[in-house]
There are 2 protein chains.
Amino acid sequence: MSLRSGIIELGWGHPDRTLLPAGDLERAAVDALRRHGSDALSYGASQGPRRLLEPLAARISRIDGRPAELDGLLITAGITQGIDLVCTLCSVPGDVALVESPVYHFALQILRDHGLELWPVAADSGGLIPEAVADAARRARSLGKRPRMLYTVPTFSNPTGRTLAPSRREWLLEIAGQYDLLVLEDDAYRELWFDTPPPPSLLSHGSAGVIRFGSFSKIVAPGLRLGWLQTGADFVARAKQTGLLTSGGGINHFTAHVVAEYLHMGLLDDHVVELRAAYRARRDTLVAALGAALPDGCRWETPDGGFFVWVTLPDGIDSMALLPHAEALGVAYIPGPRFFAEGGQRYLRLAFSLVAQDDLVKGARRLGEAIRVA
Amino acid sequence: MSLRSGIIELGWGHPDRTLLPAGDLERAAVDALRRHGSDALSYGASQGPRRLLEPLAARISRIDGRPAELDGLLITAGITQGIDLVCTLCSVPGDVALVESPVYHFALQILRDHGLELWPVAADSGGLIPEAVADAARRARSLGKRPRMLYTVPTFSNPTGRTLAPSRREWLLEIAGQYDLLVLEDDAYRELWFDTPPPPSLLSHGSAGVIRFGSFSKIVAPGLRLGWLQTGADFVARAKQTGLLTSGGGINHFTAHVVAEYLHMGLLDDHVVELRAAYRARRDTLVAALGAALPDGCRWETPDGGFFVWVTLPDGIDSMALLPHAEALGVAYIPGPRFFAEGGQRYLRLAFSLVAQDDLVKGARRLGEAIRVA
């Protein structure tokens with residue numbers, strides 16, 4: 001990432017650098033190397049170090065209010081590496097991946113890298129539409145294709161900020177079961193709720209056919225490239241046998257030891273509380289500033305968590321065409337089409353995670369001006 | 001890895017834990033977080049951080065005596081992750097991978113995880129036999145299959161310790177070019193030579209069609225899970241666009257910053273000199289002890305570098321059947337069949353990297369006793 005001078009970056013969905021716990025991670029790294037240096041620097045367990053898995057399982061159990069089994073957890077080098085591994089193990093080129101639309105654009109790229117055919121499935125303000133999943137799976141089958149997986153960000157979605165309605169969750173899983181779809185539940189934003197915790201994860205309805213991905217990127221630091229996946233013990237047992245994980249003794253092992261120390265220091269829960277307050281304040285500021293600055297015909301919803309506000313532009317304004325004008329006025333965003341297989345010109349994504357509050361206000365004003373003159 | 005009490009582990013090809021530079025890495029981690037904390041903890045560049053790429057390119061250039069281009073380098077989470085990425089980008093299930101035989105067993109597992117069909121190619125004391133590569137590629141084509149890649153450890157091989165003869169190197173690449181084989185050159189042990197540096201890498205004959213994999217695992221610490229690949233700029237440009245690397249901003253980014261600091265401290269060259277001396281002494285001790293302890297009919301060669309001695313057993317002795325007897329006498333090794341697609345019962349691999357010198361002598365004696373009573 002390189003920040004451009006004079007431009008307020010509402011494009012990048014990155015944590016604010018001032019919110020990264022660099023000092024505490026320094027202590028954790030020193031502890032990991034002084035107290036457990038031989039373990040942290042040698043080959044480890046292919047599932048990930050127990051020193052991380054145990055406090056992680058305890059923490060997930062506490063958050064979910066139901067026990068997370070140790071043998072259903074696997075340490076990953078971030079959610080994207082977890083998705084990459086699942087693609088290697090569970091798909092072949094030509095399989096169909098149903099993907100929530102709009103959805104996190106880089107995940108789509110991973111699916112494409114594995115030769116999967118991407119079929120968008122519509123979502124509305126209640127999240128992914130279960131009937132649309134069933135329709136797409138049926139259509140794929142009728143064309144002789146194998147609908148293999150469904151990728152979704154059901155909680156504080158990237159890019160829309162929306163959350164899949166509780167009433168749709170079990171229904172969605174029934175349909176997935178019916179069509180033998182592996183559900184990839186990207187749960188990166190769960191802990192960053194602003195008012196009340198989000199509905200239970202899809203995985204909480206039963207681990208058969210669901211792989212839930214979690215990450216330290218948003219709650220500790222993205223540069224760590226450390227996350228986990230949670231699913232049935234069978235999949236984890238199989239993943240542990242892959243050459244990738246067994247040869248190196250787990251992925252991102254040293255960093256896993258550093259984060260294990262950080263968890264053992266007991267600082268993460270307080271840190272997450274601070275993050276919630278900081279991001280809630282930014283959300284409030286941005287949403288209020290949009291209300292004051294955007295012209296009639298613009299629409300957006302107030303997200304209950306995560307990093308993003310999804311804006312619908314007035315009729316006839318194209319977010320791709322608008323971007324150079326917005327940048328000329330000193331504000332950037334990501335145009336909607338990046339998150340769709342096709343279409344999406346009426347939308348744009350604003351991230352309130354990276355930018356300080358006064359810049360959020362200025363950014364909203366500049367965006368309003370750009371839309372007005374468009 | 002769990003060491004078993006009473007058993008001298010000549011099986012594990014791991015660096016000795018006393019040779020891991022834990023203290024220096026602690027200083028490097030503190031420096032990385034104090035001086036470059038925001039960069040080390042945020043999303044980075046998908047190729048890897050420039051702060052690591054630049055000293056790495058300079059170091060490779062010095063070792064090779066020819067310039068390593070920056071845009072031909074990609075940071076990986078170890079050689080295995082690099083191989084995994086190449087399989088994702090360059091193969092489809094059902095392709096044929098030609099593999100040196102015997103060869104590093106976990107790499108074979110990665111190729112299998114990607115649905116490749118493994119065809120062993122014979123090697124002798126001069127390394128991989130080029131005509132055998134041509135024969136195998138021709139046979140695969142005649143069966144309507146696509147021979148896509150060749151995996152080899154041409155320098156201080158795991159498991160044999162052998163090095164591909166200089167006279168075979170260009171010849172091998174000609175054949176690879178002729179059959180459009182992508183050559184995966186696993187170069188993990190290059191720096192651990194004992195008397196004179198090894199012949200130039202396959203890549204040094206031209207980067208077209210060769211991907212060379214290097215690693216900090218053997219020269220710094222395996223738990224870091226940090227390595228690199230070197231090839232033409234085209235492949236690196238393509239790899240940088242994958243969802244896996246672009247989404248997370250590079251793989252193993254934080255650790256890459258820690259190792260960058262370690263390189264900037266200027267300690268690695270001296271550390272490698274120490275490692276060479278330590279491993280040379282262990283090789284000498286093990287080879288001498290084998291000479292004194294193994295019965296007639298056993299054969300082995302003295303490796304010029306790396307971690308391994310490859311032993312041929314007397315006629316009629318099977319290394320799989322022998323192992324429980326050897327373990328009962330307090331010594332372990334890896335039986336030959338682990339490194340072959342089929343066969344290999346006459347061989348076993350001894351690693352001298354993990355075990356202190358007096359245990360190497362004891363281990364050789366116990367192995368001799370086990371073979372004698374077999």
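Note: hydrogens, waters and symmetry copies are ignored here, and every other heavy atom, side chains too, is used. So you know, we letter chains A, B, ... as the sequences are listed, proteins then strands, and number each from 1.
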Hey, which of Gly37(A), Gly248(A), Ala22(A), Ala29(A) has the most heavy atom pairs under 4.5 Å with chain B?
Gly248(A)
Is it the case that the side chain of Asn252(B) and the backbone of Asn252(A) share a donor-acceptor pair, with hydrogens and angles ignored and the cut-off at 3.5 Å?
no
Among the options Gly78(B), Ala221(B), Pro222(B), pick out the one with the most heavy-atom pairs lying under 4.5 Å from chain A.
Pro222(B)
Side chain proximity check, Thr88(A) to His114(B), heavy atoms < 4.5 angstrom:
yes
Once rounded to the nearest 0.5 Å, what's the spacing between atom CD1 of Ile83(B) and atom OG of Ser247(A)?
8.0 Å
Using non-hydrogen atoms only, which part of Pro15(A) is less than 4.5 Å away from chain B: side chain, backbone, both, or neither?
side chain
By a 4.5 Å heavy-atom criterion (distance strictly below it), what part of Asp84(B) contacts chain A: side chain, backbone, both, or neither?
side chain
Rounded to the nearest 0.5 Å, the CZ atom of Phe106(B) sits from the CG atom of Leu244(A) at a distance of 12.0 Å
Selection from Gln81(B), His105(B), Arg34(B), Gln241(B) maximising heavy-atom pairs under 4.5 Å formed with chain A:
Arg34(B)
Heaviest contributor of heavy-atom pairs below 4.5 Å to chain B, chosen from Leu41(A), Thr80(A), Leu89(A), is Leu41(A)
Interatomic distance, CH2@Trp12(B) vs OG@Ser42(A), rounded to 0.5 Å, equals 11.5 Å
All heavy atoms of Tyr43(A) vs all of Ser217(B), minimum pair found to be OH-CB, 4.2 Å
If you take all heavy atoms of Val92(B) and Pro93(A), which pair is closest and at what distance?
CG1-CG, 4.2 Å
Quick check for you: to the nearest 0.5 Å, what is the distance between Glu26(B) atom CD and Glu26(A) atom CD?
9.5 Å
Smallest heavy-atom separation, Thr255(A) atom then Phe254(B) atom, equals OG1-CD2, 3.7 Å
Below 4.5 Å, heavy-atom pairs only: which of Val258(A), Leu33(A), Leu226(A) has the largest tally toward chain B?
Leu33(A)
Please assess Asp39(A) against Arg17(B) for the test side chain to side chain contact (heavy atoms under 4.5 Å, CB included), listing each intermediate value before the final yes or no.
CA-CA 9 Å; Asp39(A) 286 338; Arg17(B) 291 172 167 228; 3.2 Å; yes
Residue part contacting chain B, namely of Thr18(A), when any heavy atom lies under 4.5 Å
neither
Segment of Ala40(A) engaging chain B (4.5 angstrom heavy-atom cut-off)
backbone
Atom CD1 in Ile251(B), atom CD1 in Ile251(A): separation rounded to 0.5 Å?
5.0 Å
